[in-house]
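Below, chains carry the letters A, B, ... as their sequence lines are ordered, and counting in each starts from 1.
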Amino acid sequence: MDFPTAYNPEKNEKKWWDFWIAEDLFSSTPDASKKSFTVLLPPPNVTDRLHMGHGLNVTIQDILTRWKRMSGFNCCWLPGTDHAGIATQMMVEKSLQQEGKTRQELGREAFFQLCVEWKDKNGDIIIEQLKKLGASCDWNRQAYTMSEGLSAAVRRIFVSLYEDGLVYRGERLVNWDPVLQTAVSDDEVYNEEINGNMYHIAYHVRGMGEAAQIVVATTRPETMFGDTAIAVHPDDERYQAFIGKEAQVPFTDRWIPIIADTYVKPEFGTGCLKITPAHDPNDFEVGKRHQLPRIDILNPDASLNEKCPEFVRGQDRFQARETLVRGLKESQQLQKTVSTRHSVPFSDRGKCIIEPRLSLQWYVKMQPLAGPAIQAAANGDLRLHPDTWQKTYYHWLENIQDWCISRQLWWGHRIPIWYCQGCEAVNTGMVDPTACSSCGGTELQQDSDVLDTWFSSWLWPLSPFGWPEKTEDLAYYFPTDVLVTGADIIFLWVARMTMVSLYTQQKVPFRDVCFNSIICDKEGRKFSKTLGNGIDPLQVIESYGADAVRFTMIQLAPLGGRVKLALEDFEHGNRFINKIWNAARFLHGKLGDRALVPVDFTALPLPYQWLVHELHVATARMDQQLSSYQMHEAASTLYQLMWQSFCDWGVEVTKESFEGNNSASDWQIASVVYWVFEGILRLASPFIPFLAEELWHRIPVHPQWERASSLVISAFPTPTHVPAFPEAAQQWSRLQEVISGVRSLKSQMQMEKKKDIVLFLRCDAAFRSLLESQLALVQKLSGVAKVRFVGSLQEVGACLANVGPGWSLYIPLVDESQIPKEKVRISAELQRVSKIVLGLEKKLQNASFVQNAPSDVLVQTKAQFANMSSQLTSLQESLASFG
RNA sequence: AGGGCUAUAGCUCAGUUGGUUAGAGCGCUACGUUGACAUCGUAGAGGUCUCCAGUUCGAAUCUGGAUAGCCCUACCA
């Protein structure tokens with residue numbers, strides 16, 4: 001077989017992806033005889049393009065899914081996309097803008113159609129990118145939040161909630177995005193500190209003499225035309241006389257009351273607060289308490305409307321601010337300007353400052369839904385990983401606010417509410433009403449708003465499986481097993497899915513939720529378009545291959561943390577891929593393509609039993625690590641098994657003990673080495689599926705591994721598959737210590753090139769016979785020509801020394817010039833060991849330790865003391881021998 | 001302001017119920033290639049586990065406090 005010196009990921013990844021898809025290995029149908037394993041892919045927006053966050057998120061899910069698939073589960077990893085109301089509408093509007101058109105000119109229906117076309121053309125780009133990473137989703141089930149079925153589910157849940165009295169319409173202050181001209185939810189708003197000014201403005205007061213005035217402090221003078229009161233703290237002695245009087249809104253004839261409310265903090269600013277109920281959430285509450293009118297002074301684009309004096313009317317809010325500040329200066333009402341840093345709300349979507357705005361919106365009453373969701377986490381039905389997120393989850397649910405679900409957009413699920421033009425009654429239902437349910441009138445007008453995108457996303461555990469119908473899919477796959485997502489959408493998405501699943505199914509949507517790390521640059525800043533510090537995963541895949549990208553990310557990223565990633569880090573995964581490829585090349589070259597024979601494990605030479613044992617230990621470890629979602633730890637276990645155990649020791653031993661002469665021993669060696677290698681490939685398959693598949697098809701078929709048509713559906717090794725040889729493993733590792741001990745001496749004394757070294761060994765009879773049983777191998781691996789066993793140092797003469805548990809090894813000096821260096825080295829070693837011995841001695845002399853420590857710890861400590869003491873003695877002898 | 005997280009080698013981080021001489025990768029140093037891999041190997045240097053106090057026979061690990069950094073939530077007229 002042709003075995004190129006370099007691995008070609010690009011060619012290989014395409015080959016095997018096509019094979020897996022052609023063989024339909026990732027699809028799933030309900031099968032009562034098998035256990036299901038269901039994972040929900042967090043649906044990317046149709047506007048998304050693959051970034052490293054997706055990369056890590058998808059890699060984690062793919063590892064879990066592939067592991068479970070190889071472990072015999074009926075795996076359904078459900079893929080799909082989200083229609084992304086705001087993001088998509090922005091995209092389409094942008095392209096319209098380039099043609100000099102607006103959506104208003106186009107009209108609602110035509111614009112909607114344009115969005116559909118945009119989605120058809122661009123909506124699957126992200127999906128194709130996920131496939132490049134090797135995502136083993138059930139691609140036959142790809143779902144879409146605006147598809148017919150999923151839209152029916154949205155309609156169903158809206159109507160159900162409405163009928164249960166959980167959907168209502170209310171006038172509230174919403175977070176208004178003046179650029180997109182829509183309300184956005186609290187969760188789509190972020191705060192940022194900016195530099196601003198605090199303006200101290202004097203309002204004239206009447207009934208207290210000519211010059212009477214009251215000074216308020218505000219950062220937003222432009223909202224003054226919406227003022228309907230001035231508030232002071234009821235206990236603030238400075239302002240007692242003002243309470244109940246009236247003040248004049250500057251530039252107007254409007255007089256507003258001065259009221260007392262405990263919300264005001266006397267120590268802040270001037271202690272006087274202007275109350276603008278229509279433009280500030282806190283003022284809205286104060287206004288409610290005092291039955292103040294609400295004056296909306298802004299247009300939808302945040303310019304000042306007709307309720308404002310003519311000289312600022314039509315000006316943008318920030319422009320108006322400057323105009324007013326100038327005006328107030330002229331009228332000497334601006335007492336001072338203090339520069340300040342304060343945080344202001346920004347729209348996550350429009351990236352502009354949010355304007356609190358009074359409007360009629362649809363809401364979902366959340367409190368009744370939140371209770372069961374809290375319960376589910378408390379009783380362990382829903383588990384978060386890492387579980388530190390539980391507190392955050394509880395805190396949000398316990399203080400939950402009603403969810404504003406209407407959006408003033410055109411792209412999305414239109415709110416299924418019809419207003420009767422005759423009697424103003426509200427109609428809804430599963431079919432579009434033709435007549436008013438209240439008065440029978442036929443003049444019905446549908447609400448012009450659409451639903452928040454998350455109002456369809458929260459059904460993701462249900463709607464793709466056919467809900468609200470009682471389908472076989474739903475019964476089999478729901479509840480799902482694990483959700484992997486970013487902690488930033490714990491409220492927007494995770495908690496809401498939980499609530500709606502409990503509401504409709506009385507079950508949690510998933511058992512476990514894993515929060516993947518956030519990917520940052522080396523300075524710890526999040527990847528962002530504006531910073532331009534991101535790494536394009538597709539480019540990295542192009543240069544290193546998907547396997548290298550996957551492996552690098554997974555080994556670097558624990559759950560729920562923050563991972564600092566740079567382009568050069570992908571060298572790490574790349575090297576690992578190269579290492580495995582070359583190990584396979586070595587086996588191919590050294591052992592050939594021979595048909596393999598069953599391995600008689602119990603009769604294997606010591607180092608091979610050790611190797612099998614290493615595989616055994618790794619399978620146990622990986623099983624435990626994957627089960628507890630420690631994917632990065634499992635990746636490290638795999639890495640060490642492959643590199644240290646298999647390559648550095650297994651392959652090196654094979655080089656020395658495989659004779660190439662068709663002996664029975666050769667057949668056994670070839671068979672066990674390939675057997676272990678196949679075991680490692682199987683363990684590696686979930687992590688680096690493309691390379692593993694390629695090599696699996698290249699290695700000879702082994703009679704002791706059952707083979708399917710593809711590695712991805714072959715069995716994942718568990719500790720029961722792999723025999724354990726703890727004793728042999730322990731013996732071989734003692735010999736490894738001797739080998740390392742010799743290498744260390746040779747290296748430090750720069751004797752690598754010397755081939756005729758005689759090694760003198762002082763040890764007990766048991767160790768001697770162990771070593772003699774592997775004599776030739778130990779000699780070759782440590783690079784000595786001969787081993788002599790001695791009873792004392794005197795038998796050797798002047799020499800270099802190294803000590804270990806139960807043995808001392810000596811190499812004769814080449815010449816006297818080595819002595820000073822060796823004396824320094826031994827002295828340092830002596831110091832280190834004597835420190836340990838002293839510590840142990842102190843411990844053993846401590847009566848309360850001897851009394852209280854568990855017996856096994858005591859035994860261990862005593863043994864260690866004996867061992868280290870003898871090493872100490874041996875070192876002292878060596879040092880003394882130099883005189 | 002409230003809540004949470006983190007602090008271990010020059011860098012990035014492991015260290016799962018407290019118990020061998022605290023580990024890995026990268027980086028660094030020395031040596032080693034006539035074929036698995038220089039995308040490599042062997043060996044080495046480098047840590048009073050942020051600080052203080054406490055619990056314990058025993059603390060990187062548990063408790064309290066301090067300091068520093070990060071994140072979240074709320075709000076700042």
Which protein N or O atoms sit under 3.5 Å from an N or O of nucleotides 8-10 of chain B?
none

Check the interface with nucleotides 29-34 of chain B: list each N/O to N/O pair with the protein under 3.5 Å, or write none.
{"unit_1": "B/rA30", "atom_1": "O2'", "unit_2": "A/Q750", "atom_2": "NE2", "d": "3.0"}
{"unit_1": "B/rC31", "atom_1": "O2'", "unit_2": "A/E752", "atom_2": "OE1", "d": "3.3"}
{"unit_1": "B/rG32", "atom_1": "OP1", "unit_2": "A/K753", "atom_2": "NZ", "d": "3.1"}

* Asked: So, A/Y629 and A/D512: side-chain donor and acceptor under 3.5 Å apart, yes or no?
  -> yes
* To the nearest Å, how far apart are A/L591 CG and B/rA36 P? -> 12 Å
* To do: Taking atom P in both B/rA53 and B/rC49, compute the distance separating them and give it to the nearest angstrom.
  => 14 Å
* Answer yes or no: does a side-chain N or O of A/R575 lie under 4.0 Å from OP1 or OP2 of B/rC37? => no
* To do: Find the distance between CD1 (A/I201) and CG (A/L334) and round it off to the nearest 0.5 Å.
  => 6.5 Å
* Could you state the CE-P distance from A/M749 to B/rU42, rounded to the nearest angstrom? -> 21 Å
* Any Lys/Arg nitrogen of A/E829 or A/R825 sitting under 4.0 Å from an Asp/Glu carboxylate oxygen of the other? -> no
* Asked: For A/F515, which residues count as a ring-ring contact (aromatic ring centres under 6.0 Å, His included) partner, sequence neighbours excluded?
  -> A/W389
* To do: Looking at every strand, decide which applies to A/D648 at a 4.0 Å heavy-atom threshold: base, sugar-phosphate, or nothing.
  => sugar-phosphate
* Asked: Does OP1 or OP2 of B/rG41 have a side-chain N or O of A/W643 closer than 4.0 Å?
  -> yes
Contact list (N/O, under 3.5 angstrom) for nucleotides 56-61 of chain B vs protein:
{"unit_1": "B/rC57", "atom_1": "O4'", "unit_2": "A/S848", "atom_2": "OG", "d": "3.1"}
{"unit_1": "B/rC57", "atom_1": "O2'", "unit_2": "A/N846", "atom_2": "ND2", "d": "3.0"}

* Asked: For residues A/R585 and A/N582, is any side-chain donor paired with an opposing acceptor at under 3.5 Å?
  -> yes
* Could you check if a side-chain atom of A/T485 sits within less than 4.5 angstrom of a side-chain atom of A/I490, using non-hydrogen atoms only? => no
* Under 4.0 Å between a side-chain N/O of A/T392 and OP1 or OP2 of B/rG3, yes or no? -> no
* Applying ring-ring contact (aromatic ring centres under 6.0 Å, His included), name anything that partners A/F551, two or more places apart in sequence or on another chain. => A/F576
* Asked: Would you write out the dot-bracket form of RNA chain B, 5' to 3', with Watson-Crick and G-U pairs under 3.5 Å, [ ] for crossing pairs, | for pairs to other strands and . for unpaired bases?
  -> (((((((..((((.....[...)))).(((((.......))))).....(((((..]....))))))))))))....
* **Residue pairs involving residues 625-653 of chain A (criterion salt bridge (Lys or Arg N to Asp or Glu O under 4.0 Å); sequence neighbours excluded)** => A/E652-A/K655
* Asked: For residues 215-225 of chain A, which residue pairs qualify under salt bridge (Lys or Arg N to Asp or Glu O under 4.0 Å), counting only residues two or more places apart or in two chains?
  -> A/R220-A/E222, A/R220-A/E355, A/E222-A/R321
* To do: Report the residues that fulfil side-chain hydrogen bond (donor to acceptor under 3.5 Å, both in side chains) with A/S636, sequence neighbours left out, ordered by chain and then residue number.
  => A/Q555
* A/F346: ring-ring contact (aromatic ring centres under 6.0 Å, His included) partners, not counting sequence neighbours -> A/Y190
* How long is the span from the CE atom in A/M622 to the CE atom in A/M631, to the nearest 0.5 Å? -> 11.5 Å
* Measure from NZ or CZ of A/R550 to the centre of the six-membered ring of A/F687, then state whether that distance is under 6.0 Å and the direction lies within 45° of the axis. => no
* Could you check if a side-chain atom of A/T270 sits within less than 4.5 angstrom of a side-chain atom of A/Y239, using non-hydrogen atoms only? => yes
I'd like a table of atom pairs between the protein and nucleotides 47-50 of chain B - only N or O on both sides, under 3.5 Å - with the distance next to each one.
none

* Between A/H572 and A/Y639, does the ring centroid distance fall short of 6.0 Å? -> yes
* Structure fact -> With A/K274 as partner, the option from A/D283, A/D280, A/T223, A/T218 fulfilling side-chain hydrogen bond (donor to acceptor under 3.5 Å, both in side chains) is A/T223
Short N/O separations, protein against nucleotides 11-18 of chain B, under 3.5 angstrom:
{"unit_1": "B/rA14", "atom_1": "O3'", "unit_2": "A/E633", "atom_2": "OE2", "d": "3.3"}
{"unit_1": "B/rA14", "atom_1": "O2'", "unit_2": "A/E633", "atom_2": "OE1", "d": "3.3"}
{"unit_1": "B/rA14", "atom_1": "O2'", "unit_2": "A/E633", "atom_2": "OE2", "d": "2.6"}

* Asked: For B/rA36, does either OP1 or OP2 sit under 4.0 Å from a side-chain N or O belonging to A/T5?
  -> no
* Can you check whether A/K746 reaches A/V742 side chain to side chain, under 4.5 Å on heavy atoms? -> yes
* Between A/K391 and B/rG3, does any side-chain N or O lie under 4.0 Å from OP1 or OP2? -> no
* **Interatomic distance, A/R621 CZ vs B/rA24 P [rounded to whole Å]** => 14 Å
